Amino acid sequence: MAPAKTHQSQQSNAVHSLWTAYNQSTSSRLKTVDAFLVFLMLSGVIQFLYCVLITNYPFNAFLAGFASNVGQFVLTASLRAQVNPQNRSEFKDVSPERAFADFALGSIVLHFFVYNFLG
Amino acid sequence: MHFLSTCLLSLLAISNVYAASLTLQSPRFTISSPDATQLRSEPLSTTKKPSPLVLGAKDVLKLTFQVVEEEGKGVQPHQTFLRFYDEVSGEEGIQPVRVTTGGKAKFELNMAKPPASLPPTTSTDPLKVTLIIGSFTHDPFKVDLFDLFLPASQPAPQHPDEPSFHSLPEIHHTFRADPKLPPKFISAAFAGLVLAPWVVLLGLWGAIRPTVPHLFSPNILPFLATLSAFEGLLFWYWVDLKLGQVLLYGGILTVPTLVAGKQALSTMGKWRTGRK
């Protein structure tokens, strides 16, 4: 089974090298934001699994929680894209400070609507 | 006053002369069978009703009379009606009677071809027959002639739409059962699962160890404080406040936030460009 083994080791090699490259080339600030994104994704997935598997009884609660996860993910991802120095050429007229201000405002409005819906 | 009373008296005298009263002369009825044999023939009295008349399914009732004034002069009144009235059901039918100029009148009721004006009849209740005469120049005249037993009529045909006007059967609502919460163990387990990503997050941040060199600088701290105040306000809204209050407090809090934010972000910008 030599070809299968090399295929698998090739795959794991690719993943390993991707992981190493990511670790080396990303600044710690971006990694912080990435950790937050991973957290949001996990949280949303688990809430969705609960709704699908167990019950959706307080449906507004599920919607509020899930929407908060999704909304926050979108805001954080856009912040990361705008703040990343490697993307400077694409976001010429949006300074990182402006991006953060947008992120803060958007988060506050999102939290307001989520709390409203949570009831 | 004296003049008015004489006027009224003279008016009454004139009206008396005008309003003569009417009466019937030689009223008579005859019941004959279809083969023209006379079953019953009697004169009618305006004061006393005869025994009730009974008509078979094909018999004929003939009624003759003459309308006269008190002096005996024949009068053709303006309106002459026979009223057939069922006291029990309240149904009535009006049949006009033709009267000659001399006051002579003849009315025929053939049960083989009954007029449409007859009311519905039952086999047990009689129809009271009344003669009603109205005239512009005489007092009105009404006399109960006799009671009449007619064969029972068919029941009224039912209109095809009639059943739709009855009330529908009462609706008994069956309501869905209230939604139940899952058992506490499952709820608790999944609550723990949902909070698990926080552990992951804290673990990752611990591994990354991001530095916050300027967190407590006087340029940055007020902005972070106002942002935390906003989050606290929203949590307070969730537990206690009303919408108007949170919007008001949020509006008030926006002002220092904007000021502090401008300060903090411009400082960050200067540091970033300075370093570059």
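Note on naming: letters A, B, ... go to the chains in the order of the sequence lines (proteins, then strands), and numbering restarts at 1 for each one. Keep in mind that this is a model prediction, so the values were computed, not measured.
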>> Taking the ring centre of each residue, are A:Y50 and B:F190 less than 6.0 Å apart?
In response: yes
> Just wondering, more than 12 heavy atoms not from A:F48 lying within 6.0 Å of its CZ?
Replying inline: no
>> Need one label for B:L243: side chain, backbone, both or neither, based on atoms under 4.5 Å from any heavy atom in chain A.
In response: side chain
> So which of A:K31, A:R98, A:Q47, A:H111 has the biggest tally of heavy-atom pairs under 4.5 Å with chain B?
Replying inline: A:H111
> How long is the span from the OH atom in A:Y57 to the CG atom in B:D178, to the nearest 0.5 Å?
Replying inline: 7.0 Å
> What part of B:L241 lies closer than 4.5 angstrom to a heavy atom of chain A: side chain, backbone, both or neither?
Replying inline: neither
>> Contact between A:S95 and B:R272 at the side-chain level, heavy atoms closer than 4.5 Å - yes or no?
In response: yes
> With chain A, which of B:L204, B:I208, B:L227 has the greatest number of heavy-atom pairs at distances under 4.5 Å?
Replying inline: B:I208
> Around A:H16, counting heavy atoms of other residues, nucleotides and ligands shown, do more than 12 lie under 6.0 Å from its NE2?
Replying inline: no
> Got a sec: does the OH of A:Y22 have more than 12 other heavy atoms crowding it under 6.0 Å?
Replying inline: yes
>> Pair A:F112, B:W238 - check side chain to side chain contact (heavy atoms under 4.5 Å, CB included), show working.
In response: CA-CA 9 Å; A:F112 173 65; B:W238 184 39; over 6 Å; no
>> So does A:A35 get a backbone contact from the side chain of B:W205, meaning a donor-acceptor N/O pair under 3.5 Å?
In response: no
> Quick one: what part of A:I108 sits under 4.5 Å from any heavy atom of chain B, side chain, backbone, both or neither?
Replying inline: both
> Quick one: what part of A:S43 sits under 4.5 Å from any heavy atom of chain B, side chain, backbone, both or neither?
Replying inline: both
>> Need one label for A:F100: side chain, backbone, both or neither, based on atoms under 4.5 Å from any heavy atom in chain B.
In response: side chain
>> Take a 6.0 Å sphere around CD of B:Q158 and say whether it holds more than 12 heavy atoms from other residues, nucleotides or ligands.
In response: yes
>> Rounded at 0.5 Å granularity, tell me how far CG in A:L42 sits from CH2 in B:W198.
In response: 13.0 Å
> Closest heavy-atom contact between A:F39 and B:P197?
Replying inline: CD1-O, 3.2 Å
>> Please classify the contact between B:V194 and chain A as side chain, backbone, both or neither, with a heavy-atom cut-off of under 4.5 Å.
In response: both
> Which bit of B:F223 is near chain A, if near means a heavy-atom gap under 4.5 Å: side chain, backbone, both or neither?
Replying inline: side chain
